[in-house]
Number of protein chains: 2
Amino acid sequence: MDIRELEYFVTVSELQNFTAAANKLHISQPAISKSIHKLEEELGFQLLDRTQKKVLLTEEGTVFLDLAKDILARMIAAQNTMIEYKNLTRGNFRIAVPPLLGAYVFPQLFADFKKSYPSLDMSVYEDGSSTAVDLVRNEDVHVGLIILPSNLTDLHSHLITSQEIVVCLPTDHPLSNEPFLTFEQLKDEPIILYNEGFVLRKIILDEYAKHNIVPSVALSTNQFQTIKALVAKGVGISFLPKNSIKVVNHVTKIPLHPHLFLDMGLIWKPDKILPLACKAFIDFVNDFTYK
Amino acid sequence: MDIRELEYFVTVSELQNFTAAANKLHISQPAISKSIHKLEEELGFQLLDRTQKKVLLTEEGTVFLDLAKDILARMIAAQNTMIEYKNLTRGNFRIAVPPLLGAYVFPQLFADFKKSYPSLDMSVYEDGSSTAVDLVRNEDVHVGLIILPSNLTDLHSHLITSQEIVVCLPTDHPLSNEPFLTFEQLKDEPIILYNEGFVLRKIILDEYAKHNIVPSVALSTNQFQTIKALVAKGVGISFLPKNSIKVVNHVTKIPLHPHLFLDMGLIWKPDKILPLACKAFIDFVNDFTYK
DNA sequence: TGGTATGATAACTATAAGTTATTATACGGA
DNA sequence: TCCGTATAATAACTTATAGTTATCATACCA
């Protein structure tokens, strides 16, 4: 019992005519005869009554017609669903986005991607409990948005944007008019950082360490907004990606000397077969330029 | 996209192994490989990830697996349904049963048939508006239970039972002790008959006519019970099949001379393909002896 | 009653499903 | 780290079957 046989049977039933069905299906009439006979042989009774001029369904044929139509409809529905996946009008994937990147790189990326692929869904994992790299390695997510480079010989990666890290000072700070600042100039300033575990914290502390300075950490938080507000209030200075803070009242941004950059990119597991939606996202990111 | 391909895909997905699936399906492993490749080719993307030791579903494969399983389940359900029709554990047909036969031949027949084929259903058409013969000719029903013979060259028929028609008299009637009765003896008795359109009425009136007697019809009814009650009350005499009245108070049954018989049988349209359930009924009736 | 339409049948062809033999590769144990 | 095993892919070939053309039998309509 074959899908093709069902299709032939349904067509003959509807047209009540073998020859017409053959024409509609673009095959010869004997092929239809053979197929229907095979089906009837297999079932053990007649489905069609050919004694009259018109081909009519037997009682059993009527029952079988309904079943066959249902199966064919589901077959077509399944094909259409898969075509949607193929056409990227359906699909979803999982992406890990750490808080820092979720705050300012991801929204733009997401919005632009959605404009191109409105039907594709992504599930965002922003949990701070595992790093994005681990989530990708464990295949809990298909791709991760991270600060590059890490030691990622086992993962593919793609750079999205390189952002300069700038010093954030209260506007009325004595250093706020300098064209650039060095870590030496900042050694006595209390600083506001992300909590332990955030990549940006580590990068800043590593820079201080390079200059053999032990900074005074006024406060740690996992909230981007909190950092900005605390800087504005004069609690301390901070370091943030240049574009993450457009215009904030009472906060001045000054580049470091030498310049300090933060590379952000996408990572995924090589060899692992990704959802088409995720491949589309990777390709999209490839062409994406962060504004 | 073929049922067989779906079956292979589902088996491989469940066993996570091409070779094991091939063994289970009793075909060679390359046949499975080819089939899965064909499916993937057609859909335009991979369903299975063979990069690991175990064969794993891709995201699209997971979606397709559900759809494929559903289609296969419905295919099997359809086959099982048709097997039930074949095995006569499912099925139904339509039968015309005129009121007279519905009252005493049919109940026995129906009960015995149901004992042999408890899952088969029959829809009984007992409407007096069309005759059973017409209902069979128009294919409103598959078979009819009728008084034979009629002029039925266009229909197949099968005799079920031949019943003697007896005179029904009140027990205190002067003729109630006769061993048999002739129409001559009954010419002045008021008679109670079925309504116009009932076969038995016509048979009785035809018999009177043969003897050139115009009987006095006291009353006509379409109710079997009414006839019996009216005879018991002495309103008139009547004529009924011998076995239709077992023992009724105040009613005596006396054979006619010469004997008058009523042949009852089943009719159906030749060439017309009947439901298997109906064929089973015809075969059953063939072996049936009316008690 | 003869012509047309239609399904069945027979013989043949083409397609595709399946087979065996073999290769490439990933994984696990020593 | 390397070898042996398990497993999927590939190639070449065979078989099964779906489809074709040609033709016949039959039912219906004018």
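A note on names: the letters A, B, ... follow the listed sequences, proteins ahead of strands, and every chain is numbered from 1. Note that these values count all heavy atoms, side chains included, but never hydrogens, waters or copies made by symmetry.
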Side-chain donor-acceptor contact under 3.5 Å, [X] with [Y]:
{"X": "A:T11", "Y": "A:E7", "value": "no"}
{"X": "B:E84", "Y": "B:N80", "value": "no"}
{"X": "B:D271", "Y": "A:T51", "value": "no"}

Can you tell me how far [atom2] of [N] sits from [atom1] of [X], to the nearest Å?
{"X": "A:H37", "N": "D:dT17", "atom1": "NE2", "atom2": "P", "answer": "18 Å"}
{"X": "B:D271", "N": "D:dA27", "atom1": "CG", "atom2": "P", "answer": "8 Å"}
{"X": "A:Q29", "N": "D:dT21", "atom1": "CD", "atom2": "C1'", "answer": "11 Å"}
{"X": "B:Y8", "N": "C:dA16", "atom1": "OH", "atom2": "P", "answer": "16 Å"}
{"X": "B:D2", "N": "D:dA18", "atom1": "CG", "atom2": "P", "answer": "10 Å"}
{"X": "A:Q52", "N": "D:dC29", "atom1": "CD", "atom2": "C1'", "answer": "15 Å"}
{"X": "B:I32", "N": "C:dG18", "atom1": "CD1", "atom2": "P", "answer": "8 Å"}
{"X": "A:D49", "N": "C:dT6", "atom1": "CG", "atom2": "C1'", "answer": "14 Å"}

Would you say A:K114 has more than 12 foreign heavy atoms packed within less than 6.0 Å of its NZ?
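Yes, because the 6.0 Å sphere around NZ of A:K114 holds more than 12 heavy atoms from other groups.
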Taking the side chain of [X] as its heavy atoms from C-beta onward, which of [options] lies nearest to it?
{"X": "A:R50", "options": "D:dA9, D:dA18, C:dG7", "result": "C:dG7"}
{"X": "A:S28", "options": "D:dA8, D:dT21, C:dT19", "result": "D:dT21"}
{"X": "B:P30", "options": "C:dA17, C:dT20, C:dG7", "result": "C:dT20"}

Please confirm whether the shortest side-chain N or O distance from [X] to OP1 or OP2 of [N] is below 4.0 Å.
{"X": "B:N17", "N": "D:dT7", "answer": "yes"}
{"X": "B:R4", "N": "C:dA16", "answer": "no"}
{"X": "A:S33", "N": "C:dG7", "answer": "no"}

I'd like to know if B:K34 reaches the base of C:dG18 with its side chain such that a donor and an acceptor end up less than 3.5 angstrom apart.
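Side chain to base: pair found, below 3.5 Å.
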Which part of the nucleic acid, if any, lies within contact of B:T19, taking any heavy atom under 4.0 Å across all strands shown: a base, the sugar-phosphate backbone alone, or nothing?
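B:T19: backbone/sugar contact only, no base atoms under 4.0 Å.
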For A:K54, answer base if it contacts any base atom (sugar-phosphate contacts may also be present), sugar-phosphate if it contacts only those atoms, and nothing otherwise; contact means non-hydrogen atoms under 4.0 Å.
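Nothing, no nucleic acid heavy atom in range.
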Taking for each residue the nucleotide of DNA chain D bearing the nearest heavy atom, is the 5' side occupied by A:K53 or by A:A31?
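The 5'-side residue here is A:A31.
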Apply salt bridge (charged side-chain N to carboxylate O under 4.0 Å, His left out) to residues A:R50 and A:E40 and explain how you reach the verdict.
CA-CA 13 Å; A:R50 294 146 243 200; A:E40 289 178 330; 2.4 Å; yes
